[in-house]
Amino acid sequence: MKNKVEIEEELRKTRLIIDAQPNIVILTNGEKLLDANQAFLDFFKVESVEKFLEKTDCICDFFINDGSNKYLQKVYPDGTRWSDLLIQEPDLLHKAMILNSDGEKTIFEVKGNKLIDQNDTYFNQDVIVFSDITTMENQAILIAEMEIPILEINEQTTLIPLIGILDSVKSQNLMENILISIKDKMTKVAIIDIEGIVIVDSAVAAHLIKITKATKLMGCTTILSGIAPEVAQTIVNLGINLDGIYTTSTLKDAIKLSSNF
(Lines give C-alpha, C1' and ligand atoms only; values in the text may rest on other atoms or scores of the structure.)
Protein backbone atom coordinates (compact mmCIF):
# COMPACT_ATOMS: atom_id res chain seq x y z
CA MET A 1 0.00 0.00 0.00
CA LYS A 2 1.29 3.45 -0.90
CA ASN A 3 2.06 5.84 1.89
CA LYS A 4 0.79 9.38 2.16
CA VAL A 5 3.90 10.94 0.60
CA GLU A 6 3.71 8.65 -2.44
CA ILE A 7 0.02 9.39 -2.94
CA GLU A 8 0.60 13.13 -2.68
CA GLU A 9 3.46 12.88 -5.22
CA GLU A 10 1.22 10.99 -7.67
CA LEU A 11 -1.52 13.60 -7.25
CA ARG A 12 0.98 16.38 -7.85
CA LYS A 13 2.21 14.75 -11.06
CA THR A 14 -1.34 14.15 -12.24
CA ARG A 15 -2.12 17.80 -11.64
CA LEU A 16 0.93 18.90 -13.60
CA ILE A 17 -0.11 16.70 -16.52
CA ILE A 18 -3.64 18.13 -16.55
CA ASP A 19 -2.38 21.70 -16.29
CA ALA A 20 -0.02 21.10 -19.20
CA GLN A 21 -2.93 20.30 -21.51
CA PRO A 22 -3.70 23.02 -24.09
CA ASN A 23 -7.41 22.16 -23.94
CA ILE A 24 -9.69 23.34 -21.16
CA VAL A 25 -10.40 20.51 -18.72
CA ILE A 26 -12.98 20.93 -15.99
CA LEU A 27 -14.72 18.88 -13.33
CA THR A 28 -18.41 19.68 -12.84
CA ASN A 29 -21.65 18.28 -11.50
CA GLY A 30 -23.51 19.98 -14.33
CA GLU A 31 -24.53 22.97 -12.27
CA LYS A 32 -21.33 24.07 -10.57
CA LEU A 33 -17.66 24.11 -11.49
CA LEU A 34 -15.71 21.92 -9.09
CA ASP A 35 -12.21 22.11 -10.52
CA ALA A 36 -10.40 23.24 -13.67
CA ASN A 37 -6.96 23.20 -15.23
CA GLN A 38 -4.61 26.07 -16.05
CA ALA A 39 -5.98 26.46 -19.60
CA PHE A 40 -9.37 27.30 -18.07
CA LEU A 41 -7.85 29.92 -15.77
CA ASP A 42 -5.91 31.44 -18.67
CA PHE A 43 -9.00 31.60 -20.88
CA PHE A 44 -11.08 33.43 -18.29
CA LYS A 45 -8.08 35.34 -16.90
CA VAL A 46 -8.66 34.37 -13.28
CA GLU A 47 -6.10 33.34 -10.68
CA SER A 48 -8.02 30.37 -9.33
CA VAL A 49 -11.26 28.40 -9.54
CA GLU A 50 -12.34 30.14 -6.35
CA LYS A 51 -11.98 33.54 -8.04
CA PHE A 52 -14.10 32.32 -10.95
CA LEU A 53 -16.78 31.05 -8.56
CA GLU A 54 -17.01 34.50 -7.00
CA LYS A 55 -18.54 35.65 -10.30
CA THR A 56 -20.59 32.62 -11.36
CA ASP A 57 -20.98 28.91 -10.67
CA CYS A 58 -20.81 27.38 -14.13
CA ILE A 59 -18.89 27.74 -17.38
CA CYS A 60 -22.28 27.24 -19.02
CA ASP A 61 -23.22 30.77 -17.94
CA PHE A 62 -20.87 31.93 -20.69
CA PHE A 63 -22.50 29.81 -23.41
CA ILE A 64 -23.85 31.81 -26.34
CA ASN A 65 -27.08 30.64 -27.95
CA ASP A 66 -27.28 32.11 -31.45
CA GLY A 67 -30.63 30.46 -32.14
CA SER A 68 -29.20 27.98 -34.63
CA ASN A 69 -29.17 25.01 -32.21
CA LYS A 70 -25.59 24.34 -33.34
CA TYR A 71 -24.14 25.05 -29.92
CA LEU A 72 -24.70 23.70 -26.42
CA GLN A 73 -27.29 25.37 -24.24
CA LYS A 74 -27.17 25.61 -20.46
CA VAL A 75 -30.52 23.87 -20.08
CA TYR A 76 -32.72 22.54 -22.87
CA PRO A 77 -36.52 22.97 -23.03
CA ASP A 78 -37.04 19.40 -21.78
CA GLY A 79 -34.90 20.12 -18.73
CA THR A 80 -31.76 18.32 -19.94
CA ARG A 81 -28.58 19.97 -18.73
CA TRP A 82 -25.70 20.57 -21.12
CA SER A 83 -23.36 18.16 -19.31
CA ASP A 84 -26.01 15.42 -19.23
CA LEU A 85 -26.38 15.72 -23.00
CA LEU A 86 -22.65 15.13 -23.44
CA ILE A 87 -22.86 11.93 -21.42
CA GLN A 88 -26.09 10.72 -23.04
CA GLU A 89 -24.95 11.38 -26.63
CA PRO A 90 -21.18 10.73 -26.60
CA ASP A 91 -20.96 9.95 -30.34
CA LEU A 92 -22.44 13.26 -31.48
CA LEU A 93 -20.33 16.32 -32.24
CA HIS A 94 -21.06 18.83 -29.50
CA LYS A 95 -19.93 22.42 -29.87
CA ALA A 96 -20.08 25.40 -27.54
CA MET A 97 -19.68 29.06 -28.30
CA ILE A 98 -18.25 30.86 -25.29
CA LEU A 99 -17.42 34.47 -24.48
CA ASN A 100 -13.99 34.92 -22.92
CA SER A 101 -13.07 37.65 -20.47
CA ASP A 102 -12.45 40.09 -23.35
CA GLY A 103 -15.89 39.48 -24.84
CA GLU A 104 -14.50 37.48 -27.76
CA LYS A 105 -16.41 34.49 -29.13
CA THR A 106 -14.57 31.17 -29.11
CA ILE A 107 -15.95 27.90 -30.51
CA PHE A 108 -15.09 24.64 -28.79
CA GLU A 109 -15.65 20.98 -29.49
CA VAL A 110 -16.87 19.55 -26.18
CA LYS A 111 -16.60 16.00 -24.87
CA GLY A 112 -17.56 14.60 -21.50
CA ASN A 113 -17.02 11.49 -19.43
CA LYS A 114 -18.33 10.37 -16.08
CA LEU A 115 -15.80 10.43 -13.25
CA ILE A 116 -15.60 6.77 -12.28
CA ASP A 117 -13.00 5.06 -10.10
CA GLN A 118 -11.47 1.61 -10.59
CA ASN A 119 -14.40 0.07 -8.70
CA ASP A 120 -16.90 1.63 -11.16
CA THR A 121 -18.10 4.03 -8.51
CA TYR A 122 -19.69 7.14 -10.03
CA PHE A 123 -19.19 10.33 -8.05
CA ASN A 124 -21.95 12.31 -9.80
CA GLN A 125 -19.21 14.40 -11.35
CA ASP A 126 -18.17 14.68 -14.99
CA VAL A 127 -14.87 15.48 -16.65
CA ILE A 128 -15.45 17.86 -19.56
CA VAL A 129 -12.87 18.77 -22.20
CA PHE A 130 -13.17 21.88 -24.39
CA SER A 131 -11.01 21.89 -27.55
CA ASP A 132 -10.70 25.21 -29.39
CA ILE A 133 -11.89 24.78 -33.01
CA THR A 134 -12.56 28.46 -33.75
CA THR A 135 -10.10 28.66 -36.65
CA MET A 136 -11.47 25.52 -38.30
CA GLU A 137 -15.06 26.69 -37.86
CA ASN A 138 -14.32 30.11 -39.33
CA GLN A 139 -12.58 28.51 -42.31
CA ALA A 140 -15.49 26.15 -42.86
CA ILE A 141 -17.95 29.04 -42.78
CA LEU A 142 -15.80 31.05 -45.18
CA ILE A 143 -15.56 28.17 -47.64
CA ALA A 144 -19.29 27.47 -47.39
CA GLU A 145 -20.12 31.12 -48.04
CA MET A 146 -17.78 31.42 -51.00
CA GLU A 147 -19.73 31.43 -54.25
CA ILE A 148 -18.36 29.41 -57.13
CA PRO A 149 -17.61 31.95 -59.88
CA ILE A 150 -19.18 31.56 -63.30
CA LEU A 151 -16.92 33.41 -65.72
CA GLU A 152 -17.99 34.48 -69.19
CA ILE A 153 -15.39 33.60 -71.86
CA ASN A 154 -17.55 34.81 -74.73
CA GLU A 155 -21.22 35.25 -75.54
CA GLN A 156 -21.85 31.51 -75.71
CA THR A 157 -19.26 30.01 -73.36
CA THR A 158 -18.83 30.15 -69.58
CA LEU A 159 -16.07 28.84 -67.33
CA ILE A 160 -16.61 27.41 -63.85
CA PRO A 161 -13.31 26.79 -61.96
CA LEU A 162 -13.77 24.41 -59.03
CA ILE A 163 -11.47 24.57 -56.01
CA GLY A 164 -11.33 22.49 -52.84
CA ILE A 165 -13.95 19.87 -52.06
CA LEU A 166 -17.09 19.22 -54.11
CA ASP A 167 -19.72 17.91 -51.72
CA SER A 168 -23.47 17.43 -52.21
CA VAL A 169 -24.39 20.92 -50.97
CA LYS A 170 -21.76 22.67 -53.09
CA SER A 171 -22.73 20.52 -56.07
CA GLN A 172 -26.41 21.42 -55.75
CA ASN A 173 -25.62 25.13 -55.51
CA LEU A 174 -23.30 24.83 -58.50
CA MET A 175 -25.92 23.13 -60.63
CA GLU A 176 -28.57 25.70 -59.74
CA ASN A 177 -26.23 28.58 -60.56
CA ILE A 178 -25.15 27.02 -63.87
CA LEU A 179 -28.74 26.40 -64.95
CA ILE A 180 -29.70 29.98 -64.10
CA SER A 181 -26.69 31.24 -66.04
CA ILE A 182 -27.62 29.10 -69.05
CA LYS A 183 -31.12 30.54 -69.02
CA ASP A 184 -30.11 34.16 -68.49
CA LYS A 185 -27.09 34.27 -70.81
CA MET A 186 -28.21 31.71 -73.41
CA THR A 187 -25.01 29.78 -72.73
CA LYS A 188 -24.22 27.07 -75.28
CA VAL A 189 -21.05 25.65 -73.69
CA ALA A 190 -20.10 25.36 -70.02
CA ILE A 191 -16.51 24.46 -69.15
CA ILE A 192 -16.09 23.01 -65.67
CA ASP A 193 -12.42 23.00 -64.69
CA ILE A 194 -11.72 20.45 -61.95
CA GLU A 195 -7.95 20.91 -61.71
CA GLY A 196 -8.39 22.54 -58.28
CA ILE A 197 -10.53 19.74 -56.83
CA VAL A 198 -8.72 18.13 -53.89
CA ILE A 199 -10.19 14.64 -54.27
CA VAL A 200 -11.88 13.10 -57.31
CA ASP A 201 -13.73 9.95 -56.27
CA SER A 202 -16.98 8.23 -57.21
CA ALA A 203 -19.05 10.78 -55.26
CA VAL A 204 -17.43 13.75 -57.01
CA ALA A 205 -17.83 12.03 -60.39
CA ALA A 206 -21.51 11.41 -59.64
CA HIS A 207 -22.00 15.12 -58.86
CA LEU A 208 -20.30 16.15 -62.11
CA ILE A 209 -22.29 13.66 -64.21
CA LYS A 210 -25.50 14.94 -62.64
CA ILE A 211 -24.56 18.51 -63.55
CA THR A 212 -23.67 17.63 -67.17
CA LYS A 213 -26.99 15.81 -67.62
CA ALA A 214 -28.92 18.77 -66.26
CA THR A 215 -27.13 21.24 -68.55
CA LYS A 216 -27.69 18.95 -71.56
CA LEU A 217 -31.45 19.07 -70.94
CA MET A 218 -31.21 22.84 -71.37
CA GLY A 219 -29.33 22.54 -74.65
CA CYS A 220 -25.91 23.32 -73.20
CA THR A 221 -22.79 21.22 -73.76
CA THR A 222 -20.53 20.70 -70.76
CA ILE A 223 -16.78 20.12 -71.02
CA LEU A 224 -14.80 18.84 -68.06
CA SER A 225 -11.25 20.17 -68.12
CA GLY A 226 -8.25 19.64 -65.87
CA ILE A 227 -8.37 15.84 -66.07
CA ALA A 228 -4.86 15.03 -64.81
CA PRO A 229 -3.31 11.56 -65.47
CA GLU A 230 -3.86 10.45 -61.87
CA VAL A 231 -7.49 11.61 -62.01
CA ALA A 232 -8.04 9.73 -65.27
CA GLN A 233 -6.55 6.61 -63.68
CA THR A 234 -8.80 6.99 -60.64
CA ILE A 235 -11.88 7.32 -62.82
CA VAL A 236 -10.94 4.16 -64.77
CA ASN A 237 -10.14 2.19 -61.60
CA LEU A 238 -13.49 3.16 -60.08
CA GLY A 239 -15.29 2.06 -63.23
CA ILE A 240 -16.96 5.45 -63.65
CA ASN A 241 -18.70 5.84 -67.00
CA LEU A 242 -18.09 9.23 -68.61
CA ASP A 243 -19.46 8.25 -72.02
CA GLY A 244 -21.07 11.21 -73.75
CA ILE A 245 -19.18 13.73 -71.61
CA TYR A 246 -16.48 15.83 -73.23
CA THR A 247 -13.21 15.90 -71.27
CA THR A 248 -9.82 17.56 -71.75
CA SER A 249 -6.58 17.49 -69.82
CA THR A 250 -6.13 21.27 -69.86
CA LEU A 251 -8.29 24.36 -69.76
CA LYS A 252 -6.63 25.58 -72.97
CA ASP A 253 -7.80 22.46 -74.78
CA ALA A 254 -11.30 22.89 -73.39
CA ILE A 255 -11.55 26.45 -74.66
CA LYS A 256 -10.33 25.32 -78.06
CA LEU A 257 -12.86 22.47 -78.09
CA SER A 258 -15.70 24.81 -77.15
CA SER A 259 -15.36 26.63 -80.49
CA ASN A 260 -16.66 23.47 -82.20
CA PHE A 261 -20.12 23.79 -80.68
Side-chain angles (χ1 to χ4, degrees), residues 68-70 91-93 95 107 109 131-261:
S68 66
N69 294 322
K70 290 176 16 180
D91 295 328
L92 294 182
L93 173 61
K95 295 185 288 186
I107 302 173
E109 179 181 353
S131 304
D132 190 343
I133 58 170
T134 307
T135 300
M136 290 187 293
E137 284 289 296
N138 289 339
Q139 289 175 344
I141 292 171
L142 180 61
I143 292 173
E145 290 178 347
M146 286 177 61
E147 293 187 3
I148 299 173
I150 298 180
L151 311 175
E152 188 173 339
I153 295 179
N154 54 49
E155 292 182 356
Q156 294 187 327
T157 307
T158 57
L159 167 64
I160 304 95
L162 300 182
I163 300 174
I165 297 174
L166 184 64
D167 56 20
S168 57
V169 175
K170 199 171 182 179
S171 172
Q172 184 62 35
N173 291 337
L174 172 61
M175 183 165 66
E176 291 175 359
N177 291 339
I178 290 177
L179 296 181
I180 291 173
S181 176
I182 292 172
K183 180 181 178 181
D184 293 345
K185 300 179 181 179
M186 303 298 289
T187 301
K188 295 299 182 183
V189 181
I191 300 173
I192 302 178
D193 186 66
I194 66 170
E195 186 176 0
I197 293 292
V198 176
I199 299 174
V200 177
D201 54 16
S202 57
V204 171
H207 293 321
L208 295 173
I209 292 171
K210 185 178 179 180
I211 292 171
T212 57
K213 287 182 176 179
T215 59
K216 188 175 182 180
L217 289 174
M218 295 189 67
C220 177
T221 299
T222 299
I223 302 173
L224 296 182
S225 68
I227 308 291
E230 59 271 20
V231 173
Q233 185 175 354
T234 299
I235 291 174
V236 171
N237 292 339
L238 291 173
I240 298 169
N241 185 4
L242 294 181
D243 289 346
I245 299 175
Y246 295 97
T247 62
T248 64
S249 59
T250 67
L251 177 57
K252 181 180 179 180
D253 290 339
I255 295 174
K256 183 178 180 180
L257 178 61
S258 68
S259 62
N260 296 331
F261 301 101

Notebook entry, point to check: With respect to Ser225, which candidate in Asp193, Thr248, Thr247 satisfies the side chain to side chain donor-acceptor pair (under 3.5 Å) definition?
Noted result: Asp193

Sequence neighbours excluded and cut-off under 3.5 Å, please list the side-chain donor-acceptor pairs for residues 154-165, or say none.
residue	atom	partner	partner atom	Å
Asn154	OD1	Gln156	N	2.9
Asn154	OD1	Thr157	N	2.8
Asn154	OD1	Thr157	OG1	3.1

Margin query: Looking at every non-hydrogen atom in both residues, tell me the closest pair between Ile223 and Ala254 and how far apart they are.
Written below: CD1-O, 3.7 Å

Notebook entry, point to check: Closest approach of Leu224 and Ile227, non-hydrogen atoms and distance?
Noted result: O-CG1, 3.9 Å

Note to self: I need the minimum non-hydrogen distance between Ser181 and Ile150, along with the two atoms involved.
What the structure shows: OG-CG2, 3.8 Å

Let me check something: any side-chain donor-acceptor pairs from residues 209-220 under 3.5 Å, sequence neighbours excluded? List them with distances.
residue	atom	partner	partner atom	Å
Thr212	OG1	Leu208	O	3.3
Thr212	OG1	Ile209	O	2.7
Thr215	OG1	Ile211	O	3.3
Thr215	OG1	Thr212	O	2.8
Thr215	OG1	Thr222	OG1	2.6

Checklist line | Min side-chain heavy-atom separation Ile153-Ser258 under 4.5 Å | finding: no

Notebook entry, point to check: So do the side chains of Ile178 and Met175 get within less than 4.5 Å of each other, counting heavy atoms only?
Noted result: no

Notebook entry, point to check: What pairs meet the ring-ring contact (aromatic ring centres under 6.0 Å, His included) rule with one or both residues in residues 232-258, with sequence neighbours excluded?
Noted result: Tyr246-Phe261

Margin query: To check you understand the geometry: which heavy-atom pair defines the closest contact between Thr134 and Ile107, and what is its length?
Written below: OG1-N, 2.9 Å

Item checked: Lys95 atom NZ: more than 12 heavy-atom contacts under 6.0 Å -> yes

Notebook entry, point to check: Hey, what do you get for CD1 (Ile255) to OG1 (Thr250), rounding to the nearest 0.5 Å?
Noted result: 8.5 Å

Check: Which distance, rounded to the nearest 0.5 Å, do you find between the OG1 of Thr221 and the CD1 of Ile191?
Finding: 11.0 Å

Item checked: Glu195 and Leu251, any side-chain heavy atoms less than 4.5 Å apart -> no

Check: Which distance, rounded to the nearest 0.5 Å, do you find between the CE of Met136 and the OG of Ser131?
Finding: 8.5 Å

